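Down below is the structure, laid out as structure tokens.
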Amino acid sequence: MCCVKAIELAAKLDLSSYLSTNFLPNAMYQPQRCIRTTLAAAEKHGLPVVRIMFELTQIEKISDSEHIKRFVDYYRTQGFKTATGDFGSGYSGLNSLADFQTDIIKFEMGLVRDIHINKGRQVILRHCISLCHKLQSTTLAEGVETSESLSGYKVKAWI
């Protein structure tokens, strides 16, 4: 119901950015069945599916990576974007990145915070960004709250 309401409101607002829907990886059973309601709501309210992003939360350990890979692949065939949220915290890690690649990797805010003054964070993010791009995933920084963090993420992490 929450997802359907979000789609309705996004359509009314003529949303030009992504509408992100978080989900627990182990709560997903059959990809076709899980998104049927989402597809129907998008069609009913006129929100293009390319504006809807399904984001894997990282608060639980993924019990079956192959199952999640099938979900990510199926969602892509339907035109949806996929994302891995809070990368660098919880259960997100290199194993999940190796097992399946989402369209977007969202670095958690703790990793980005104070990047302009923290050399360790700069090195880690620089290499994570490079790795994600080689896997054809777009990177995004969560929790950029200061202009210093923004410039640190954009400049120092890319050097």
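FYI, side chains are in, hydrogens and waters are out, and symmetry mates aren't considered; it's all heavy atoms of this structure. Being a predicted model, the structure only gives us computed values, none of them experimental.
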**OP:** Tell me, please, which residues at least two apart from Asp99 pass side-chain hydrogen bond (donor to acceptor under 3.5 Å, both in side chains).
**Re:**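 side-chain hydrogen bond (donor to acceptor under 3.5 Å, both in side chains) check on Asp99 returns Ser65.
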Subject >> side-chain hydrogen bond (donor to acceptor under 3.5 Å, both in side chains) against Glu8, all qualifying residues, sequence neighbours excluded >> reply: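 Glu8 satisfies side-chain hydrogen bond (donor to acceptor under 3.5 Å, both in side chains) with Lys12 only.
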Subject >> Sidechain N-carboxylate O distance under 4.0 Å for Arg76, Asp103 >> reply: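 Yes, charged N to carboxylate O under 4.0 Å.
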Would you name the heavy atoms of [X] and [Y] that are closest together and state the gap between them?
X	Y	result
Ala83	Met53	CB-SD, 3.5 Å
Ala42	Ile52	CB-CD1, 3.9 Å
Thr102	Ser137	O-OG, 2.5 Å
Leu111	Ile124	CD1-CG2, 4.2 Å

Atom [atom1] of [X] and atom [atom2] of [Y]: how far apart are they, to the nearest 0.5 Å?
X	Y	atom1	atom2	result
Ile105	Ile129	CD1	CD1	11.5 Å
Asp73	Thr82	CG	OG1	8.5 Å
Phe54	Tyr75	CZ	OH	5.0 Å
Tyr74	Arg70	OH	CZ	13.5 Å
Ile104	Thr84	CD1	OG1	9.5 Å
Phe107	Leu140	CZ	CG	9.5 Å

Do [X] and [Y] land in one hydrophobic cluster if side-chain heavy atoms of ILVMFWY residues count as linked below 4.5 Å?
X	Y	value
Leu13	Leu47	no
Ile117	Met109	no
Leu125	Leu135	yes
Val112	Leu97	yes

Do the non-hydrogen side-chain atoms of [X] and [Y] ever get within less than 4.5 Å of each other?
X	Y	answer
Phe71	Leu56	no
Leu94	Leu131	yes
Val123	His127	yes
Ser89	Asp86	yes

Using only atom types and a distance under 3.5 Å, with no angle test, would you say the side chain of [X] pairs donor to acceptor with the backbone of [Y]?
X	Y	answer
Arg121	Gly110	yes
Gln122	Ile115	yes
Gln78	Phe80	no

Original post:
Under 3.5 Å, is there a donor-acceptor pair linking the side chains of Glu55 and Ser20?
Top reply: yes
Original post:
Stepwise, does the side chain to side chain contact (heavy atoms under 4.5 Å, CB included) test hold for Phe87 with Glu108?
Top reply: CA-CA 5 Å; Phe87 189 79; Glu108 68 100 11; over 6 Å; no
